[in-house]
Amino acid sequence: MLSIKDLKAGVEESQILKGINLEVKPGEVHAIMGPNGSGKSTLSSVIAGREDYEVKGGSISFEGDDILELDPEERAHKGIFLSFQYPIEIPGVSVSNFIKTSLNESRKAQGLEPMPAGDLLKMMREKMELFEIKKGYLSRSLNQGFSGGEKKRNEIFQMAMLEPKLAILDETDSGLDIDALRIVANGVNKLRSDDNATIVITHYQRLLDYIIPDFVHVLYDGRIVKSGTKELAHELEEKGYDWIIKEADQC
Amino acid sequence: MDYQRGGPVLKEQLIQVFKDSAKNGLPFKAVREKYIQQFDTDGFPTVKDEEWKYTNLLPLTKKDYAFENTDGIINKEQLEEFILNDTDSYYLVFVNGVLSKELSTITEGAFVVGSLKHNNRQDILEKYWNSCLPQKTDTLVAINNALAQEGAFVYVSKNVVVDKPVQVIYASSNVQQDLFLQTRALIVLEENAQVQITERHQNFDDSFVFTNAVTEIVADANAIVDFYKIQNNTLNCSLIDNTWVKQAKTSNCTIDTFSFGGKFTRNNLNFCLTGEHAESNMNGITLIGKDQLVDHHTFVDHAVPNCNSNELYKGIFDANAKGIFNGKVMVRPDAQKTNAFQANNNLLMTDNASIDTKPQLEIYADDVACSHGCTIGQLDENALFYLRSRGIAKKEAQAMLMYAFANDVLENIKIPELKNKLNRIIAKKLGVQLDIEL
C-alpha cells in the first residue's frame with residue numbers, strides 16, 4: 001500500500017530524513033518510535049505532503065502511484081490521513097461543517113455527489129458513539145477551546161468519518177489521560193480492517209498496549225535503525241533508546 | 001500655488017453649484033455659507049495633511065464631474081440582489097441622489113422613515129441638522145455640509161422600537177458623465193428608542209460615481225442603534241463616508257462597516273460620548289483586492305466618565321490592495337472610569353498588498369482602562385496544511401481560514417439574513433463555494 005524507498009528530506013540546508021525505507025501493507029499496523037528530534041513528525045508530514053519540507057531523494061508510492069508530486073489535498077483524496085500532534089483551532093467553522101466540507105471535497109475528487117445531509121448526520125452519530133463524544137459537540141467551533149484530549153479525540157473522530165486507507169497517528173497519545181487513551185485506542189481498533197493500514201507515531205510504549213502493532217520501527221537521526229515486532233516496543237520501554245543509539249552509531 | 005492642492009476646477013465648480021442652489025432658497029443657508037467659505041479657504045486636502053497622509057485624493061478631484069443626474073431608473077427586480085429579501089423591512093431608495101418614492105416605504109407616525117426632502121418633521125430637522133458636527137470639519141464634510149440636501153431621514157420618538165430594519169440604498173445608474181454626489185442622512189433616536197439600519201451604495205452600470213456622504217446619528221438616553229454599512233460597490237465607484245454619532249447617557253450604538261467593493265473608500269467614523277454609561281461599538285471587515293483602497297479613520301471622544309468603547313477591525317488584503325487604519329481615542333480629563341478597547345488585525349495575502357495601521361490614544365484622565373493592538377500577518381501555513389491534509393483544496397482552505405479570521409466580527413451581527421448575505425459576498429469575493437454557516 002505504502003512504499004517508501006531511500007527517502008531523503010529536509011528543510012533548506014538541513015537534512016532531517018537521511019534514507020528511510022518502509023513498506024506498509026493493507027491490514028498492518030506499524031509503530032514508529034524514537035527519541036526527540038529523530039525525524040518522526042517530519043516523516044509523517046512528508047507522507048502527507050507538507051510543502052515546507054523539501055524531498056531531496058528517494059520515493060513514496062501509495063497503491064502503486066508516485067505521490068511525491070501531489071498536493072496535500074490530493075493525497076487526502078487518495079485516502080491518506082494524518083492525525084495532527086497539535087490540531088489547529090478554527091473559530092467560526094463548526095465541527096460538523098468542517099467534516100461535511102472535508103468529506104464532500106474528497107467525494108467530489110472521486111466523482112461522487114455530496115453525501116446527503118441525512119446520511120451524513122447518521123454517520124456522525126454512529127461515530128460519535130464509538131468515541132463516546134457528547135451531543136452539542138458538532139456545533140462547536142473546530143478545536144476552539146477544546147482540551148488537549150478533546151482535540152485528539154476530534155482528530156480520530158474525523159478519521160473515522162473520512163475512512164482513510166492509510167491513517168498516520170502522530171503522537172496521538174500525547175495530552176491524553178488514560179481514559180481518553182483507551183477510548184481513542186478502542187476506536188482505532190474498531191476501524192481496523194484488512195483493507196486499511198495504520199502508522200502510529202509515538203514516544204512511549206503505552207499507546208501500543210492498546211493499539212497492538214504488527215511491526216515496530218525505531219527512527220534515529222533520520223534513519224530507521226531497528227525494526228521488529230511488538231516485543232521491541234517493550235524492550236525500548238525497559239531499556240530506553242540508548243542501546244539502540246549505541247548500536248546505530250557503531251555502524 | 002492653489003493648483004498644487006489639486007482639483008482647482010472642481011473647487012470652483014462646487015462653489016458655483018452652491019451659488020446656483022442658493023438662488024433657489026436652501027434650508028440652513030447660514031450654516032452652509034460658513035462651510036462653503038471654509039472649503040473656499042482650505043481647498044481639498046493633500047497627502048501633506050496628517051489625516052490624509054496615506055490616501056491621495058488627487059485622482060478623484062481632478063475629474064470633470066456632473067453634480068446631479070435625474071435620469072437614473074432602477075426597478076424592483078434590479079434591487080433584489082442588493083437587499084435583504086427575506087427580512088421584512090422599511091426601504092429608502094435613492095437613485096442618483098433622488099428619492100425613489102416607488103421603491104421606498106415612506107412611513108410617518110411614532111417613527112419616521114423618510115428622506116430629508118420628503119417628511120413632515122421639519123421641526124426635528126431644524127433641531128438636529130448639523131448637531132453632531134464640530135465647528136471646524138474636514139474639507140469633504142464641509143463640502144457636504146454646504147451642498148447636501150437629500151438622503152435618509154429616520155426619526156424614532158421616545159420609547160418606540162422600530163419593528164423592522166430600515167434598508168437604505170443609494171443607487172446610481174444611467175450616468176453619462178462622471179457624477180459627484182453629496183448624500184446626507186440624519187438618524188434621530190429619542191429616549192429608549194431603538195432601530196436597526198442597513199446602508200448600501202450600489203452602482204447599476206458602468207458609471208463612475210464618487211459619493212461624499214455624511215450621516216449624523218443622535219442617540220438620546222438609553223437608545224439603541226445598530227447600523228450596518230455594506231460597502232460592496234462596483235470597482236469604478238468611490239466613496240468618502242463620514243459618520244458622526246452623538247450619544248447621550250446609557251445609549252448603545254454599534255456601527256459595523258463591511259468593505260469589499262469600490263475602488264477608493266474612505267470611512268471617517270466619529271463617536272462623541274456625552275452622557276455617562278454610554279457604549280459605542282465599531283467593527284469592520286475589509287476584504288479587498290486588485291487596485292482597491294480602503295481607509296478607516298475612527299475617532300471616539302470620551303468626554304464624560306464611565307463610558308465604554310469597543311473597536312475591532314479585521315482586514316484582508318490581496319493583490320496590490322492598500323489598507324489604512326487610524327484609530328483615535330480621546331479620553332478627556334473628566335472621563336474617569338473609561339473603558340476603551342481597540343484592535344486592528346490584518347492579513348496580507350501577497351507581498352504587494354499593504355496596510356498602514358496606527359492606533360492613536362490621547363488619554364488625559366488617570367483612572368481608565370484603555371488598550372489597543374494591531375497585528376499584521378499572513379495566513380498560518382500550519383493551519384493551511386491542516387485543512388489541506390483533510391482534503392480541502394488550497395483556495396477553499398485559505399477561504400476557510402479567512403472566515404475564521406473575520407469570524408468574531410461576523411458573529412455579532414444581529415440580523416441573521418445579513419450575516420448570510422455577507423457570507424455569500426465573502427465567498428463570491430474569494431471565488432469559492434463554501435457552505436459555511438457561521
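What you see is a predicted model; the values in this text were computed from it and never measured. Both backbone and side-chain heavy atoms feed into the values below; hydrogens, waters and symmetry mates do not.
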Fill in: Under 4.5 Å from any heavy atom of chain B - which part of A:E51
side chain
Practice prompt. Look up atom CG in B:L387 and atom OG in A:S102, then write down how far apart they are to the nearest 0.5 Å.
Written response: 9.0 Å
Worksheet item: Where on A:L82 is there a heavy atom nearer than 4.5 Å to chain B: the side chain, the backbone, both, or neither?
Response: both
Worksheet item: Which atoms of A:Q158 come close to chain B, meaning under 4.5 Å heavy atom to heavy atom: side chain ones, backbone ones, both, or neither?
Response: side chain
Worksheet entry | Pairs of heavy atoms under 4.5 Å with chain B: top-ranked of A:A76, A:A109, A:P72, A:G49 | A:P72
Response to the item:
Among residues 224-235 of chain B, those lying within the under-4.5 Å heavy-atom range of chain A are none
Discussion item. Is A:P164 in contact with chain B via its backbone, its side chain, both, or neither, using a 4.5 Å heavy-atom distance?
Written reply: neither
Discussion item. For A:I80, which atoms come within 4.5 Å of any heavy atom of chain B: side chain, backbone, both, or neither?
Written reply: backbone
Worksheet item: Are there more than 12 heavy atoms of other residues, nucleotides or ligands under 6.0 Å from atom CG of B:D351?
Response: no
Discussion item. Heavy-atom count check: over 12 atoms from other residues, nucleotides or ligands less than 6.0 Å from A:Q110 CD?
Written reply: yes
Discussion item. Is it true that, when you exclude A:Y86 itself, more than 12 heavy atoms of the residues, nucleotides or ligands shown sit nearer than 6.0 Å to its OH?
Written reply: no
Worksheet entry | Which atoms of A:R75 approach chain B - backbone, side chain, both or neither, heavy atom under 4.5 Å | neither
Worksheet item: Is it true that B:R388 and A:E105 have a side-chain N and a carboxylate O under 4.0 angstrom from each other?
Response: no
Worksheet item: Using a cut-off of under 4.5 Å for heavy-atom pairs, which of A:S106, A:A48, A:S45 has the most such pairs with chain B?
Response: A:A48
Item to complete: Determine whether more than 12 heavy atoms belonging to other residues, nucleotides or ligands lie under 6.0 Å from atom NZ of B:K290.
Response: no
Discussion item. Checking A:I90 against B:F405 for the side-chain contact (heavy atoms from CB on, under 4.5 Å) test, could you report, in this order, the C-alpha distance in whole Å, the side-chain angles of both residues, the deciding distance, and whether it holds?
Written reply: CA-CA 8 Å; A:I90 306 187; B:F405 172 76; over 6 Å; no
Discussion item. Measuring from atom CZ of A:F81 to atom OG of B:S389, what distance do you get when rounded to the nearest 0.5 angstrom?
Written reply: 7.0 Å
Discussion item. Using 0.5 Å steps for rounding, measure from the OG1 atom of A:T101 to the CZ atom of B:R390.
Written reply: 13.0 Å
Practice prompt. Under 4.5 Å, heavy atom to heavy atom: which of residues 371-385 of chain B reach chain A? Give them by number, or say none.
Written response: B:E381, B:N382, B:A383, B:F385
